[in-house]
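As the structure lists them, so they are numbered: ligands from 1, and atoms in each ligand from 1. Since we're looking at a predicted model, the values are computed, not measured.
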Amino acid sequence: MSNDLPLFLADLKAVLDHGFDLIVKSVRARTAPMHTPVVSTIGHDGRPRSRVVVLRAFEPESRVLRFHTDVRSEKYHELAADPRIAVLFYDPAEKIQLRVEGHATLHRDDEVGDAAWGSSQAMSKLCYATEPGPGHEIDHRDDFYLPRDRAEAEAGRAHFAAVTIVIDELDFLWLGSEGNRRAVYRFNPQQTDARWCVP
Ligand SMILES: Cc1cc2nc3c(=O)[nH]c(=O)nc-3n(C[C@H](O)[C@H](O)[C@H](O)COP(=O)(O)O)c2cc1C
């Protein structure tokens, strides 16, 4: 390895630690590019479906990511039918792309859902009280109701779910002027299979 590469490229463990650290920091850093990853699900017609979400939590030890969504949304129904999910992160300043594959669990009426709702800002809660639900076709652009006050926002709990994702595989790509580097990690119950790959 050439000497002028960043320290986090020293070995496969340092690469993974750096990637996970970037995700951890992005949860609180609202303007960080990794705060709003793209999640992809498998549509009912078998086509891939992608959209931006806000990253709400990441626990590196358990490799669990969390985002929030409306139970009336397409993605919620898609994940109920098939929990396979991909998450794409890219930070241009870091020159790092992280491609995650995992499986999702839906938390509508359990403790995880309650805690996630409890930690949500009033502003965020308002979206879940919209009527009709997201994706509903309307005749005019304004034909939906979005509550304005906090009391009404609490009604959104009925439509709110937390989605947790256990990371099964991570593909790390660093695009540097000194040459690109790529590492792939497969997380098995007993061990992690880590390999360098041709970028
Ligand atoms: C910056 C940004 C953040 C978003 N965050 C979320 C989110 O956290 N959860 C969510 O369900 N949708 C979020 N959305 C909206 C989704 O991208 C998507 O348009 C919507 O959820 C409908 O997707 P679906 O029909 O595939 O379910 C966000 C969109 C943007 C642009």
Side-chain angles (χ1 to χ4, degrees), residues 22-59 63-94 96-148 150 152-167:
L22 276 179
I23 304 177
V24 167
K25 287 180 174 147
S26 303
V27 172
R28 300 236 169 266
R30 291 187 180 189
T31 56
M34 290 192 181
H35 186 63
T36 47
V38 173
V39 300
S40 300
T41 48
I42 299 164
H44 297 306
D45 55 4
R47 285 170 173 255
R49 305 279 308 274
S50 301
R51 79 288 286 163
V52 171
V53 297
V54 173
L55 179 68
R56 300 291 177 179
F58 178 54
E59 292 169 6
R63 307 188 311 280
V64 175
L65 301 156
R66 173 162 55 85
F67 73 92
H68 301 164
T69 199
D70 194 305
V71 298
R72 300 168 294 179
S73 68
E74 279 292 317
K75 73 181 88 49
Y76 184 88
H77 295 292
E78 289 164 358
L79 288 169
D82 189 332
R84 288 178 296 175
I85 191 165
V87 188
L88 178 65
F89 298 91
Y90 174 55
D91 187 325
E94 288 277 340
I96 289 170
Q97 170 184 265
L98 302 175
R99 292 198 297 169
V100 164
E101 286 181 27
H103 56 280
T105 303
L106 304 173
H107 303 273
R108 186 176 183 170
D109 290 318
D110 62 10
E111 285 179 8
V112 176
D114 286 342
W117 179 256
S119 67
S120 294
Q121 307 265 348
M123 274 285 290
S124 307
K125 289 181 172 178
L126 287 173
C127 301
Y128 296 95
T130 190
E131 293 289 351
H136 200 99
E137 288 189 18
I138 47 182
D139 290 333
H140 185 268
R141 67 181 185 198
D142 300 332
D143 282 351
F144 64 97
Y145 176 69
L146 182 65
R148 298 267 165 226
R150 283 174 182 230
E152 272 189 287
E154 287 304 316
R157 176 65 186 93
H159 306 134
F160 173 87
V163 181
T164 55
I165 301 164
V166 176
I167 299 179

Novice: What do you reckon, is CZ of R84 surrounded by more than 12 foreign heavy atoms closer than 6.0 Å?
Specialist: no
Novice: Would you indicate whether D139, at its atom CG, is surrounded by more than 12 heavy atoms from other residues, nucleotides or ligands within a distance under 6.0 Å?
Specialist: no
Novice: Please tell me if the side chains of H107 and W117 come closer than 4.5 Å, counting only heavy atoms from C-beta onward.
Specialist: no
Novice: Counting only N and O atoms by type, is there a donor-acceptor contact under 3.5 Å from the side chain of H68 to the main-chain atoms of L55?
Specialist: no
Novice: Provide, line by line, the atom pairs where ligand 1 and the protein bring an N/O atom each to a distance under 3.5 Å; else say none.
Specialist:
| from | atom 1 | to | atom 2 | distance (Å) |
| --- | --- | --- | --- | --- |
| ligand 1 | 5 (N) | V54 | N | 3.4 |
| ligand 1 | 8 (O) | V54 | N | 3.0 |
| ligand 1 | 9 (N) | H68 | O | 2.8 |
| ligand 1 | 11 (O) | T69 | OG1 | 2.6 |
| ligand 1 | 11 (O) | K75 | NZ | 3.0 |
| ligand 1 | 14 (N) | V52 | O | 3.2 |
| ligand 1 | 17 (O) | V52 | N | 3.4 |
| ligand 1 | 17 (O) | V52 | O | 2.7 |
| ligand 1 | 21 (O) | K75 | NZ | 2.6 |
| ligand 1 | 23 (O) | K75 | NZ | 3.4 |
| ligand 1 | 26 (O) | R51 | NE | 2.8 |
| ligand 1 | 26 (O) | R51 | NH2 | 2.8 |
| ligand 1 | 27 (O) | E74 | N | 3.3 |
| ligand 1 | 27 (O) | K75 | N | 3.0 |
| ligand 1 | 27 (O) | K75 | NZ | 2.9 |

Novice: Taking C-beta and beyond as the side chain, do T130 and H136 meet within less than 4.5 Å on heavy atoms?
Specialist: no
Novice: Below 4.5 Å, heavy atoms only, C-beta onward: do S26 and F89 meet side chain to side chain?
Specialist: no
